[in-house]
Protein chains: 2
Amino acid sequence: MDSEELRNAGLKVTTPRLKILTLLENSVERHMTAETIYRLLTEGGEVIGLATVYRALAQFEAAGLITRHHFDSGQTVYELERGPHHDHIVCIRCGRVEEFYDKVIEERQREIAASLGFVLSDHALTLYGECNSPECLARKG
Amino acid sequence: MDSEELRNAGLKVTTPRLKILTLLENSVERHMTAETIYRLLTEGGEVIGLATVYRALAQFEAAGLITRHHFDSGQTVYELERGPHHDHIVCIRCGRVEEFYDKVIEERQREIAASLGFVLSDHALTLYGECNSPECLARKG
DNA sequence: ATCTATATTGATAGTCATTCTCATTTGAGA
DNA sequence: TCTCAAATGAGAATGACTATCAATATAGAT
């Protein structure tokens, strides 16, 4: 149950938070902007404020329930934290996002940070390219 | 001469563009925001518009003279393109930016993209951590 | 189940970075 | 030097996000 997740995260269980969390869990699209979440909810007949969406997402992130990414093409996107860490590859033509995990890269990052005297706390790796999927090719011939 | 660079890039040689390019080449800090560039120039007695700075930076980037980065902590930073490709590690406490290049990571990225059916065109890798330099420690003890 | 203190919400105004508009100026070739 | 498209600067406009604040809802005590 979603209420459990919120409680475990130390957050009060409220209607808007449940709506957002449920949406994130049931959406096919795993990477959404705050605006998209707001739009999907209101279009679905729910009443919620945009400010509430931003606030909830910030709290979810602080609680480790979701992760935020800054892809080059614009807004911040949020993603439900499930499963192990991974990075992203984004299609610059159709916007499709795929995930990947690479042990070698993860390891090298730690080594590089250490060799430069840094204590690594996080990293952001995003690849950009063209996926050339059927939908992608259709989009811009 | 900077005029050469602009001409070679296919850009008309204008006073504001020269000011910006010269500043980028002579600054110790290699990573600057548009706002910083604008401030440094006007504080130096130059007359230039903020919109012009943004426009020039966009053109420089399109011409390959500079590179833009979106670090997690806020604004877009621009960096003069000189020397070979590299990625960044940013101190989350004092903001210091170091550069690094890792052949292994570069290679793995190409392989990963290919294995997912993407034609890789670019990537953004930024590590975040604490550098614990003397200035860094002084900042927040 | 009810009450209370406090956290949360929604509407809206505000902020900040960036882009657009447009009248004026400037650079490069004729 | 002249001409004219391209570039500039000032300020308005946009878009994403945050702060404010009165009204409301939640968690725990009663």
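Letters go in sequence order (proteins before strands), and every chain restarts at 1. Here the structure is a predicted model, which is why all the values come from computation and not from measurement. Below, all heavy atoms of this structure are taken into account, side chains as well, without hydrogens, waters or symmetry copies.
Note on ring orientation: taking the six-membered ring where Trp is involved, the planes of A:His86 and A:His88 are perpendicular (angle over 60°, cut-offs 30° and 60°).
With contacts defined as side-chain heavy-atom distances shorter than 4.5 Å, the pair A:Cys136/A:Arg96 does not qualify. Considering only heavy atoms from C-beta on, B:Arg17 comes within 4.5 Å of B:Phe60 through its side chain.
Rounded to whole Å, the distance from CG on B:Leu57 to P on C:dT19 is 10 Å. In this structure, A:Leu41 atom CG and C:dT9 atom C1' are separated by 14 Å, rounded to whole Å. Whole-Å rounding puts the A:Gln75 CD to D:dG15 C1' distance at 8 Å. Look at CG on A:Leu11: it is 15 Å from C1' on C:dT9, rounded to the nearest Å. Nucleotide C:dT26 holds its P atom 11 Å from the NZ atom of B:Lys19, rounded to whole Å. Regarding B:Leu6, its CG atom lies at a distance of 13 Å from the C1' atom of C:dG27, rounded to whole Å. For the pair B:Arg17 CZ and C:dT26 C1', the interatomic distance rounds to 11 Å; values are reported in whole Å. Look at CD1 on A:Ile37: it is 14 Å from C1' on D:dC17, rounded to the nearest Å.
Across all strands shown, B:Ile48 has heavy atoms under 4.0 Å from sugar-phosphate atoms exclusively, and none from any base. At the heavy-atom level, B:Thr76 lies under 4.0 Å from the strands shown only through sugar-phosphate atoms. Within 4.0 Å of B:Arg55, counting heavy atoms only, lies at least one base atom of the nucleic acid.
Remark: B:Lys103 does not engage B:Glu106 in a salt bridge, criterion side-chain N to carboxylate O under 4.0 Å.
Using modelled atom types and a 3.5 Å distance limit, the side chains of B:Thr67 and B:Glu79 yield no donor-acceptor pair.
Listed pair B:Thr15 / C:dT26 fails the phosphate criterion, with no side-chain N or O lying under 4.0 Å from OP1 or OP2. Of the side-chain N and O atoms in A:Tyr54, none sit less than 4.0 angstrom from OP1 or OP2 of D:dT18.
Nearest to the side chain of B:Lys12, among D:dT8, D:dA7, C:dT8, sits D:dA7. Nearest nucleotide to the side chain of B:Thr14, out of D:dT18, C:dG10, D:dA7: D:dA7. Between D:dA10, D:dA19, C:dT9, one nucleotide has an atom nearer to the side chain of A:Ala51 than all others, and that is D:dA19.
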